[in-house]
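All figures in this text were calculated on a predicted structure; none of them were measured in a lab. Counting from 1, the numbers follow the sequence of the chain as shown.
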Amino acid sequence: MKPTLETERLVLRPQAESDTVELIAMSMDPEVMQFVGDGAMTLQESEELTLETLEMEGPLGRWIVTERETGLLLGWVVLTHLDDSEDIEVGYGFKVPAWGRGFATEATRRLLRHGFDDLGLPEIVAVSRPENIASHRVLEKAGLRRRGLRDAFGLRDLFYFAARADALVAS
Ligand SMILES: CC(C)(COP(=O)(O)OP(=O)(O)OC[C@H]1O[C@@H](n2cnc3c(N)ncnc32)[C@H](O)[C@@H]1OP(=O)(O)O)[C@@H](O)C(=O)NCCC(=O)NCCS
């Protein structure tokens, strides 16, 4: 069971069935999905993904990010295997009206701390489309560093980022 994680403004909790409609709408939104996978998903793809992440048991998976003050769903963050590699990646997506307020960075920092301190992961990585500048900023602000390029999810030359537990503690 994944624990609920808190920050100053946010609550990160395990995905629930009641999140389904909002999560499906997010992965069908062309703006949210502009730099993700093949872009906006169909209803069926979106339903499948939402069910898959709802059913992910164990310590990895998706956390729903809500605003502490209002309880509103702002977005999600995820810790999962990068493709079928041993590497654990961090990922995120937020609703468009929630962009630009530092929420993704705040949630990502908290999830990294959970991954390193509670799960004992030695390293957390991320990949991002070269043109996804906002995402690069989130990763850098959260303490990940560019390590060059990496192919993943059938895409070539994604920007590759990583943070090691010992380096992050020291920084
Ligand atoms: C990427 C995303 C999560 C960022 O969320 P957010 O809550 O707005 O992020 P933050 O506010 O924490 O930080 C965003 C940073 O990017 C910067 N930024 C945003 N758009 C930018 C742009 N077009 N060019 C340069 N910088 C940009 C912001 O200024 C901010 O940096 P700053 O704090 O140094 O000013 C959000 O845009 C999103 O959900 N995008 C769609 C899903 C996605 O692409 N996920 C990542 C897949 S790899």
Side-chain angles (χ1 to χ4, degrees), residues 2 10 12-66 73-112 114-115 121 123-142 144-163:
K2 284 174 269 300
L10 306 172
L12 283 59
R13 58 161 176 77
Q15 184 179 331
E17 228 171 301
S18 53
D19 301 317
T20 302
V21 170
E22 283 177 280
L23 292 177
I24 286 176
M26 281 182 69
S27 45
M28 294 179 71
D29 181 335
E31 213 172 340
V32 173
M33 299 299 287
Q34 186 182 4
F35 302 123
V36 182
D38 294 326
M41 291 183 179
T42 63
L43 176 60
Q44 191 185 340
E45 288 165 343
S46 194
E47 280 174 345
E48 282 169 11
L49 172 69
T50 305
L51 187 63
E52 197 181 301
T53 53
L54 177 66
E55 289 177 345
M56 266 180 98
E57 289 176 354
L60 302 179
R62 179 143 83 164
W63 277 258
I64 300 304
V65 181
T66 62
L73 189 157
L74 302 171
W76 52 267
V77 288
V78 69
L79 274 182
T80 188
H81 284 273
L82 178 60
D83 270 346
D84 50 9
S85 76
E86 290 293 306
D87 294 329
I88 304 298
E89 69 153 343
V90 63
Y92 34 72
F94 283 75
K95 290 182 177 177
V96 176
W99 291 4
R101 296 169 61 193
F103 289 142
T105 304
E106 190 169 322
T108 300
R109 283 190 179 133
R110 183 66 189 90
L111 194 60
L112 291 180
H114 174 61
L121 300 172
E123 183 175 69
I124 295 175
V125 306
V127 288
S128 180
R129 291 265 187 90
E131 46 303 14
N132 198 349
I133 312 290
S135 179
H136 306 163
R137 282 294 300 143
V138 169
L139 295 170
E140 283 161 0
K141 287 191 290 177
L144 286 87
R145 294 293 166 255
R146 263 296 297 283
R147 288 243 190 109
L149 301 173
R150 180 163 174 168
D151 300 342
F153 311 117
L155 298 168
R156 292 190 62 81
D157 293 343
L158 297 173
F159 278 20
Y160 178 49
F161 295 82

With rounding to the nearest 0.5 Å, note down the distance linking [atom1] in [X] to [atom2] in [Y].
{"X": "Thr66", "Y": "Leu10", "atom1": "OG1", "atom2": "CG", "result": "7.5 Å"}
{"X": "Ile24", "Y": "Asp19", "atom1": "CD1", "atom2": "CG", "result": "11.0 Å"}
{"X": "Leu144", "Y": "Arg146", "atom1": "CG", "atom2": "CZ", "result": "12.0 Å"}
{"X": "Leu23", "Y": "Thr50", "atom1": "CG", "atom2": "OG1", "result": "5.5 Å"}
{"X": "Met28", "Y": "Leu43", "atom1": "CE", "atom2": "CG", "result": "5.0 Å"}
{"X": "Ile124", "Y": "Ile88", "atom1": "CD1", "atom2": "CD1", "result": "8.0 Å"}

Using atom types as modelled and distance alone, determine if a side-chain donor or acceptor of [X] lies under 3.5 Å from a backbone N or O of [Y].
{"X": "His136", "Y": "Arg129", "result": "yes"}
{"X": "Tyr160", "Y": "Val125", "result": "no"}
{"X": "Ser85", "Y": "His81", "result": "no"}
{"X": "Lys2", "Y": "Arg13", "result": "no"}
{"X": "Arg109", "Y": "Lys141", "result": "yes"}
{"X": "Glu45", "Y": "Ser27", "result": "no"}

Sequence-distant partners of [X], side-chain contact (heavy atoms from CB on, under 4.5 Å), two or more places apart:
{"X": "Glu57", "answer": "none"}
{"X": "Ala104", "answer": "Phe94, Val138"}
{"X": "Glu140", "answer": "Arg137, Arg145, Phe161"}

Test ring pair (Phe, Tyr, Trp, His ring centres under 6.0 Å) applied to Trp76 - qualifying residues, sequence neighbours left out:
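So Trp76 forms no ring pair (Phe, Tyr, Trp, His ring centres under 6.0 Å) with any residue.
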
What residues form a salt bridge (charged side-chain N to carboxylate O under 4.0 Å, His left out) with Asp151, not counting sequence neighbours?
Arg156

Kindly write out the residues that satisfy salt bridge (charged side-chain N to carboxylate O under 4.0 Å, His left out) with Glu89, not counting sequence neighbours, or none if the list is empty.
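So Glu89 forms no salt bridge (charged side-chain N to carboxylate O under 4.0 Å, His left out) with any residue.
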
Any salt bridge between Asp83 and Arg150, counting N to O under 4.0 Å?
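So Asp83 does not pair with Arg150 through a salt bridge.
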
Applying side chain to side chain contact (heavy atoms under 4.5 Å, CB included), run through Val78 and Thr53 and close with a yes or a no.
CA-CA 9 Å; Val78 69; Thr53 53; 5.8 Å; no

Pair Leu139-Phe159, side chain to side chain contact (heavy atoms under 4.5 Å, CB included): steps then yes or no:
CA-CA 11 Å; Leu139 295 170; Phe159 278 20; over 6 Å; no

Please tell me if the side chains of [X] and [Y] come closer than 4.5 Å, counting only heavy atoms from C-beta onward.
{"X": "Arg110", "Y": "Trp63", "answer": "no"}
{"X": "Val65", "Y": "Phe103", "answer": "no"}
{"X": "Met56", "Y": "Arg62", "answer": "no"}

Nearest non-hydrogen partners of [X] and [Y], listed with the distance:
{"X": "Ala107", "Y": "Leu12", "value": "O-CD2, 3.7 Å"}
{"X": "Ser135", "Y": "Tyr92", "value": "OG-OH, 2.8 Å"}
{"X": "Leu112", "Y": "Ala142", "value": "CD1-O, 3.4 Å"}
{"X": "Ala152", "Y": "Leu158", "value": "O-CD1, 3.7 Å"}

In sequence, state the C-alpha distance, the side-chain angles, and the governing distance for Met26 and Glu22, and then conclude on side chain to side chain contact (heavy atoms under 4.5 Å, CB included).
CA-CA 6 Å; Met26 281 182 69; Glu22 283 177 280; 5.7 Å; no

